[in-house]
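Supplied in structure tokens, the structure appears directly below.
Counting convention: from 1, in listed order, for ligands and their atoms alike.
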Amino acid sequence: MTKPKQIIFATGNKGKLAEVKKIFEGTEYEIISLYELGDVPEIIEDGNTFEANSFIKAKAIYDIHKKPVIADDSGLEIEQLDGRPGVYAARYAGENCTYDDNNRKVISELEEFHEPHKARFVCCAVYYDGQNKEVSFGYLPGKIINEFRGQNGFGYDPIFVPEGFKQTLSEMNIEEKNKMSHRAEAFNELKEKIISGHL
Ligand code: ITT
């Protein structure tokens, strides 16, 4: 059996990790997490765009390990909130806030607006190996509801219903989410480029 080729996923988010590991299942690539490497450094994401922040993460981890890296910067854009939380989705309710805090803040900010609360998830996935850099985007349109539903996933999944569906992302399993998600779209495109030897 040939040894799998290893790519490090520069994330501290275990929800993202589970989704992306699944996307690379069945390929000759093995996605190694920072947890498996025993070092999950705090990376300052001070870019203003998804693309800038995803590259900051990829480069920071490449500089430590000198191996091919993938990273993702993602967020939620809500139309009635002028695109907020956007790139600030992770800490929308403040430093050290929980996912529940963020969801409650979004629901309370939307109270004054009529339904539907149209929104979309955005994901920028990047590959970097010290020489080649490749970027792919993915989007998932849908709406925010004003209650929490479901137990799966992470982040805003319990209050997000994808367009054309009745369940929230938290009421779906990883396979179902990976059939449509912003992250799956971005990483499937990146995976094709990696597999085809383009990178
Ligand atoms: P890393 O930077 O370590 O990868 P993070 O959670 O801080 O992890 P981001 O900076 O990219 O990641 O912030 C993304 C935030 O956007 C995430 O914490 C969620 O709040 C939200 N988000 C992104 N994708 C999501 C998804 O698929 N489902 C629910 N929420 C999501």
Which atom of Gln6 lies closest to which atom of Ile32, heavy atoms considered: NE2-CD1, 3.5 Å

Minimum-distance protein heavy atom relative to atom 3 (O) of ligand 1: Gly12 N, 2.8 Å

Exercise: do Tyr99 and Asp101 side chains pair donor with acceptor under 3.5 Å: no

Atom 7 (O) of ligand 1: the protein heavy-atom neighbour that sits closest, reported with distance to 0.1 Å: Ala90 CB, 3.9 Å

Ligand 1 atoms in contact with Gly75 (distance to a heavy atom under 4.0 Å): 16 (O)

Close approach of Asp73 to ligand 1, heavy atoms, under 4.0 angstrom: yes

Backbone or side-chain N or O of Tyr99 under 3.5 Å from ligand 1 N or O: no

Short side-chain to backbone donor-acceptor contact, Lys191 and Ile23, under 3.5 Å: yes

Would you list the atom pairs, donor with acceptor, under 3.5 Å between side chains in residues 87-94 and any protein atom, with sequence neighbours excluded?
residue	atom	partner	partner atom	Å
Tyr92	OH	Arg84	NH1	2.9
Tyr92	OH	Glu109	OE1	2.5
Tyr92	OH	Glu109	OE2	3.4

Test of proximity, Arg183 against ligand 1: N or O pairs below 3.5 Å: yes

Closest non-hydrogen atom pair between Ile145 and Ile107, with its separation: O-CG1, 3.9 Å

Shortest non-hydrogen contact from Ser54 toward Ala71: O-CB, 3.5 Å

Heavy atom of the protein closest to atom 1 (P) of ligand 1 (residue, atom name, distance): Thr11 OG1, 3.4 Å

Set of residues satisfying side-chain contact (heavy atoms from CB on, under 4.5 Å) with respect to Pro41, sequence neighbours excluded: Leu34, Asp39, Ile61, Ile64

Any donor-acceptor N/O pair, Asn103 side chain to Gly155 backbone, under 3.5 Å: yes

Check: Phe55 ring centre within less than 6.0 Å of Tyr128 ring centre: yes

Nearest protein heavy atom with distance in Å, relative to atom 20 (O) of ligand 1: Tyr156 CE1, 3.2 Å

Heteroatom distance test (Glu19, ligand 1): nitrogen or oxygen, under 3.5 angstrom: no

Residue Lys177 vicinity, atoms of ligand 1 by number, heavy atom under 4.0 Å: 26 (C), 27 (O), 28 (N)

Over-ring placement of Lys14 relative to Tyr35, 6.0 Å and 45° cut-offs: yes

Closest protein heavy atom to atom 28 (N) of ligand 1, given as residue, atom name and distance to 0.1 Å: Asp157 OD1, 2.6 Å

Protein contact of atom 10 (O) of ligand 1 - nearest heavy atom, named by residue and atom, plus distance: Glu45 OE1, 3.1 Å

Proximity of Phe121 to ligand 1 by residue part, where a heavy atom lies under 4.0 Å: side chain

For atom 12 (O) of ligand 1, the protein heavy atom that lies nearest, with its residue and separation: Lys16 NZ, 2.8 Å

Nearest-neighbour protein heavy atom for atom 14 (C) of ligand 1, which is reported as residue plus atom name and distance: Ser74 O, 3.1 Å

Nitrogen or oxygen atoms of Ala10 and ligand 1 under 3.5 Å apart: no

Atoms in ligand 1 with a heavy atom of Asn13 nearer than 4.0 Å: 3 (O), 6 (O), 8 (O)

Polar contact flag, side-chain donor to acceptor under 3.5 angstrom, Arg183-Ser74: yes

Distance filter under 4.0 Å to His182 heavy atoms, resulting ligand 1 atoms: 24 (N), 25 (C), 26 (C), 27 (O)

Gly153 touching ligand 1 at heavy-atom level, < 4.0 angstrom: no

Whether Lys16 side chain and Asp72 backbone form a donor-acceptor pair below 3.5 Å: yes

